[in-house]
> 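Next up is a structure, given as structure tokens.
Just so you know, these numbers come straight off a predicted model, no measurement behind them.
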Amino acid sequence: MDTLSTQNTPVSIELGNDYQDIRESVRRICEDFPGSYWRNLDEQQGYPSEFVNALTEAGYLGALIPEEYGGSGLPLRAASVILEEIHAAGCNAGACHAQMYIMGTLLRHGSEEQKRKYLPDIASGKLRLQAFGITEPTTGSDTTQIKTRAVRDGDNYIINGQKVWTSRARYSDLMLLLARTTPADQVKKKTDGISVFLVDLREARGNGVEIQPIRAMINHNTTEVFIENLVVPASSLVGEEGKGFRYILDGMNAERILCASEAIGDAKWFTKTAAAYGNERVVFGRPIGQNQGIQFPIARAYAETEAAEMMVRKATAIFAAGLDCGEAANIAKLLASEAAWHAAEACMQTHGGFGYAAEYDVERKWRECRVMQIAPISSNLILSFIGQHVLGMPRSF
């Protein structure tokens, strides 16, 4: 246990393999989903329904839902451990991780009626909340400039717009949707006038919502969502109208921490796999791991992973203390994504030509971890955040 002081508030960081029972349980689940399972899904661009169901039945996708709503009521660190172990086992949580961090918006800002109506069924697996409609083709990371528009019409809202990179929309029953309720030229601050809606996709598909899959480098089941005259009840508004941008920001730190945790898991898989292959592969009469050109990149990746993991632990500890964890969450995401990529490169190089062979799973994991430097926030945007908001330098864009 390590203790640091943040903003005059003591914060404790657990060292070692915390939540050992959860780690062992997640590993047992993942044993039923070996590399062949993920390779088959890759070929079919399929959704891992069996894997998602197994995590749901174990209570892990409802980990952050309070017990009063049927969830496990665990802290963010426990969710971090769950995702880390999934990726360290060679699996991928991209098909279901959004349910963990989307939950925060509904939990903190949803009405009691909304929480009672949806959370128990989400926790049990009867409903899936996996889709997050934010990014648009013409706005990218500049969320304040979204064009999707929601207009109040009596007891309803009528929504028109388009979203892109909305992963899992075809496999989700519900979607959190960000839309402008007041045009950008009519607000004092560009972050005002944006609202969050909880859309029931079971009713919306074919009735104002069309979902088209996007074939991508990795099998994240991502889509483009077209919205035309979608009518949703006013009761689907989450929180206050016009305050949605702030609600989304609330959940972004948790999202970055959890994605960083996945990257740590990937990095551990790569270093373990690379070291094992370096020990067993013999060329010119000696294990290739005896060569510094092979050994040193793996060792460096391991060291980077250890350092990045400490930042992830620090971020979750600050989050748990209810303090501003923006700096720690962003740095954790930056360092973990880079550690994972360096470990992936070392693993690929160690395997040489066999790294390209699908049966080794290196190329699949290599592709999967590359996205971590782009989403859910790019490394350059993190650097600009640190430069401006942490170091006090002028805004760079």
> Determine yes or no for a side-chain-to-main-chain donor-acceptor pair under 3.5 angstrom, with Ser378 supplying the side chain and Leu381 the backbone.
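It does hold such a pair.
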> Side chains of Ile214 and Val164: closer than 4.5 Å at any heavy-atom pair?
yes
> Ignoring hydrogens and angles, tell me if any N or O in the side chain of Ser261 forms a donor-acceptor pair with the backbone of Glu84 under 3.5 Å.
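Checking the backbone N and O of Glu84 against the side chain of Ser261, no donor-acceptor pair under 3.5 Å is found.
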> Is the charged tip of Arg286 near the ring of Phe284: under 6.0 Å from the six-membered ring centre and within 45° of its axis?
no
> Flag the pair Glu309 and Lys268 as a salt bridge only when some basic side-chain nitrogen lies within less than 4.0 angstrom of an acidic carboxylate oxygen.
yes
> Is the number of heavy atoms from other residues, nucleotides or ligands under 6.0 Å of Lys272 NZ greater than 12?
no
> Does a side-chain N-to-carboxylate-O contact under 4.0 Å join Glu112 and Lys117?
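Answer for the salt bridge query: no.
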> Tell me whether Leu201 shares a hydrophobic cluster with Val232, the cluster being built from Ile, Leu, Val, Met, Phe, Trp, Tyr side chains joined at under 4.5 Å.
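Yes, same cluster.
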> Might you point out which heavy atoms bring Val238 and Tyr247 nearest each other, and give the distance in Å?
O-CE1, 3.4 Å
> First locate atom CD1 of Ile122, then atom CD of Gln130, and finally report the distance between them rounded to the nearest 0.5 Å.
9.5 Å
> If you define the side chain from C-beta out and look only at heavy atoms, does anything of His351 sit under 4.5 Å from Thr273?
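A side-chain contact under 4.5 Å exists here.
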> Carefully, step by step, assess Ser25 and Tyr60 under the rule side chain to side chain donor-acceptor pair (under 3.5 Å).
CA-CA 10 Å; Ser25 175; Tyr60 291 136; 2.7 Å; yes
> Check salt bridge (Lys or Arg N to Asp or Glu O under 4.0 Å) between Lys163 and all other residues, then give those that pass, not counting sequence neighbours.
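Only Glu136 meet the salt bridge (Lys or Arg N to Asp or Glu O under 4.0 Å) criterion with Lys163.
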> Less than 4.5 Å apart, any side-chain heavy atom of Ile194 and any of Thr181?
no
> Would you find more than 12 non-hydrogen atoms of other residues, nucleotides or ligands less than 6.0 Å from Asp155 atom CG?
no
> Between His97 (side chain only) and Leu83 (backbone N and O only), is there a donor and an acceptor less than 3.5 Å apart?
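No, His97 side chain to Leu83 backbone: no donor-acceptor pair under 3.5 Å.
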> Under the criterion side chain to side chain contact (heavy atoms under 4.5 Å, CB included), I'd like the reasoning laid out for Ile159 against Asn229: C-alpha separation, chi angles, the key distance, then a yes or no.
CA-CA 5 Å; Ile159 306 178; Asn229 295 325; over 6 Å; no
> State, to 0.1 Å, how close Ala336 and Ala260 come at their nearest heavy-atom pair, and which atoms those are.
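Taking Ala336 first and Ala260 second, the nearest heavy atoms are CB-O, 3.5 Å.
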> Nearest 0.5 Å please: distance from the SG atom of Cys325 over to the CD1 atom of Ile331.
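If we round to the nearest 0.5 Å, Cys325:SG and Ile331:CD1 are 11.5 Å apart.
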> What I want to find out is whether Asp173 reaches Lys126 closely enough, with some N-O distance under 4.0 Å, to be called a salt bridge.
no
> Would you call Glu359-Arg39 a salt bridge at under 4.0 Å N-O?
no
> For a quick check under 3.5 Å, do Thr144 and Asp142 share a side-chain donor-acceptor pair by atom type?
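Checked: Thr144/Asp142 side chains pair up, N/O donor to acceptor below 3.5 Å.
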> Report yes if the side chains of Gln212 and Thr223 come closer than 4.5 Å at any heavy-atom pair, otherwise no.
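They are not in side-chain contact.
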> Looking at Arg256 and Asn330, would you say the former's side chain and the latter's main chain have a donor-acceptor pair under 3.5 Å?
no
> Determine whether the aromatic ring centres of Trp366 and Phe270 lie less than 6.0 Å apart.
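Ring-ring flag for Trp366/Phe270: false, centres at least 6.0 Å apart.
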> Would you check if there is a donor-acceptor pair between the side chains of Gln373 and Glu338 at a distance under 3.5 Å?
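No donor-acceptor contact under 3.5 Å links the two side chains.
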> So, Glu24 versus Gln20: side-chain donor-acceptor pair below 3.5 Å or not?
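Note: Glu24 and Gln20 side chains meet the donor-acceptor criterion.
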> Is any side-chain heavy atom of Ile86 closer than 4.5 Å to a side-chain heavy atom of Ile82?
yes
> Are Phe51 and Tyr37, when compared by the centres of their aromatic rings, separated by less than 6.0 Å?
no
> Taking Glu85's backbone N and O only, do any of them form a donor-acceptor pair with Arg27's side chain (distance below 3.5 Å, no angle check)?
no
> According to a hydrophobic-cluster definition based on side-chain heavy atoms being under 4.5 Å apart (Ile, Leu, Val, Met, Phe, Trp, Tyr only), do Leu64 and Leu176 belong together?
yes
> Check this for me: Arg300, atom CZ, are more than 12 non-hydrogen atoms of other residues, nucleotides or ligands nearer than 6.0 Å?
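At most 12 heavy atoms, drawn from other residues, nucleotides or ligands, come within 6.0 Å of this atom.
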> Give a yes or no answer on whether the side chain of Asp200 reaches the backbone of Leu174 with a donor-acceptor pair at less than 3.5 Å.
no
> Determine, for Arg205 against Glu210, whether the closest basic-nitrogen to carboxylate-oxygen distance falls under 4.0 angstrom.
no
> Is any side-chain heavy atom of Arg149 closer than 4.5 Å to one of Val151?
yes
> When you measure from the side chain of Ser72 to the backbone N and O of Gly59, does any donor-acceptor pair fall under 3.5 Å?
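Such a contact is found between Ser72 side chain and Gly59 backbone.
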> Tell me whether the count of non-hydrogen atoms from other residues, nucleotides or ligands lying under 6.0 Å of CZ in Arg202 goes above 12.
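Yes, because the 6.0 Å sphere around CZ of Arg202 holds more than 12 heavy atoms from other groups.
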> Check the surroundings of atom CD in Glu68: do more than 12 heavy atoms from other residues, nucleotides or ligands lie under 6.0 Å from it?
yes
> Between the main-chain N or O of Gly326 and the side-chain N or O of Asp324, is there a donor-acceptor pair closer than 3.5 Å?
yes
> Heavy atoms, side chains only, cut-off 4.5 Å: are Lys115 and Tyr69 in contact?
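Heavy-atom side-chain distance check passes, below 4.5 Å.
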> Out of Ile134, Leu178, Leu106, which residue meets the side-chain contact (heavy atoms from CB on, under 4.5 Å) rule with Val196?
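The residue from Ile134, Leu178, Leu106 that satisfies side-chain contact (heavy atoms from CB on, under 4.5 Å) with Val196 turns out to be Leu178.
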> Between the main-chain N or O of Thr135 and the side-chain N or O of Thr139, is there a donor-acceptor pair closer than 3.5 Å?
no
> Under a 3.5 Å distance rule, please check whether Lys333 uses its side chain to pair with a backbone N or O of Met372 as donor and acceptor.
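Answer holds: yes.
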> Roughly how far, to the nearest 0.5 Å, is CG of Asp32 from CD1 of Ile29?
8.5 Å
> Can you tell me how far apart CZ (Arg77) and CZ (Phe319) are? Round to the nearest 0.5 Å.
13.5 Å
> Looking at side-chain heavy atoms only, is the closest gap between Tyr118 and Leu127 below 4.5 Å?
yes
> Examine the side chains of Glu228 and Asn160 and answer whether a donor and an acceptor come within less than 3.5 Å of each other.
no
> So, are Arg246 and Asp192 salt-bridged, with charged N and O less than 4.0 Å apart?
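So Arg246 pairs with Asp192 through a salt bridge.
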